[in-house]
Amino acid sequence: MWKMAEKLNPITTEIIRNAFLSAAEEMCVSLFRSSYTPIIYEMKDCAVALYDENLNVLGQSSGVL
């Protein structure tokens, strides 16, 4: 089990950061596909993000594609 007191190495940090970014990008693609609003599904004008319990951004998709 990973302990909070252990320091993360830079490689693990980048892997976790990229996992959050990828999850946010996939959420955005899902929103594009399931949206009924033309601004979202045609113009791709939206962004989504993942937050922790303190409302810190963990990962955010790009806005207008």
Side-chain angles (χ1 to χ4, degrees):
M1 184 74 183
W2 181 72
K3 297 177 185 176
M4 293 296 279
E6 295 178 11
K7 289 198 104 172
L8 292 177
N9 62 29
I11 296 171
T12 304
T13 302
E14 283 299 306
I15 290 171
I16 293 170
R17 185 180 71 82
N18 284 318
F20 285 133
L21 292 175
S22 294
E25 289 292 336
E26 292 208 17
M27 288 169 44
C28 198
V29 169
S30 180
L31 181 63
F32 293 154
R33 291 181 180 167
S34 63
S35 176
Y36 290 107
T37 306
I39 291 175
I40 295 176
Y41 72 79
E42 287 180 3
M43 301 196 56
K44 312 268 191 267
D45 188 11
C46 67
V48 297
L50 293 169
Y51 296 92
D52 67 3
E53 66 274 0
N54 297 321
L55 298 178
N56 296 315
V57 176
L58 300 175
Q60 182 176 357
S61 69
S62 56
V64 179
L65 295 176

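Only this structure's heavy atoms are used, side chains among them; waters, hydrogens and symmetry mates stay out.
Looking at every heavy atom in both residues, L21 comes nearest to G59 through CD2-CA, 4.1 Å.
At a threshold of 4.5 Å between side-chain heavy atoms, the hydrophobic network of Ile, Leu, Val, Met, Phe, Trp and Tyr places L31 and F20 in one connected group.
Residue pairs meeting the salt bridge (Lys or Arg N to Asp or Glu O under 4.0 Å) criterion with at least one member in residues 9-19, sequence neighbours excluded: E14-R17.
Taking the side chain as every heavy atom from C-beta outward, M27 and L50 approach each other to under 4.5 Å.
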Stepwise side chain to side chain contact (heavy atoms under 4.5 Å, CB included) test for Y51 and V57: CA-CA 5 Å; Y51 296 92; V57 176; 3.3 Å; yes

Would K44 and C28 count as a side chain to side chain contact (heavy atoms under 4.5 Å, CB included) here? Give the steps. CA-CA 9 Å; K44 312 268 191 267; C28 198; over 6 Å; no

Run the numbers on V48 and E25 for side chain to side chain contact (heavy atoms under 4.5 Å, CB included), then give the verdict. CA-CA 8 Å; V48 297; E25 289 292 336; over 6 Å; no

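Side-chain atoms of E42 do not come within 3.5 Å of backbone N or O of T37 as any donor-acceptor pair. S34 places a side-chain N or O within donor-acceptor distance of the main-chain N or O of S30, the cut-off being under 3.5 Å. Of the possible polar contacts, none joining the N54 side chain to the N56 backbone as a donor-acceptor pair under 3.5 Å is found.
Once rounded to the nearest 0.5 Å, the distance linking CD1 of I15 with CG of N9 reads 8.0 Å. For the atom pair CG (D52) and CG (L58), the distance works out to 5.0 Å, reported to the nearest 0.5 Å.
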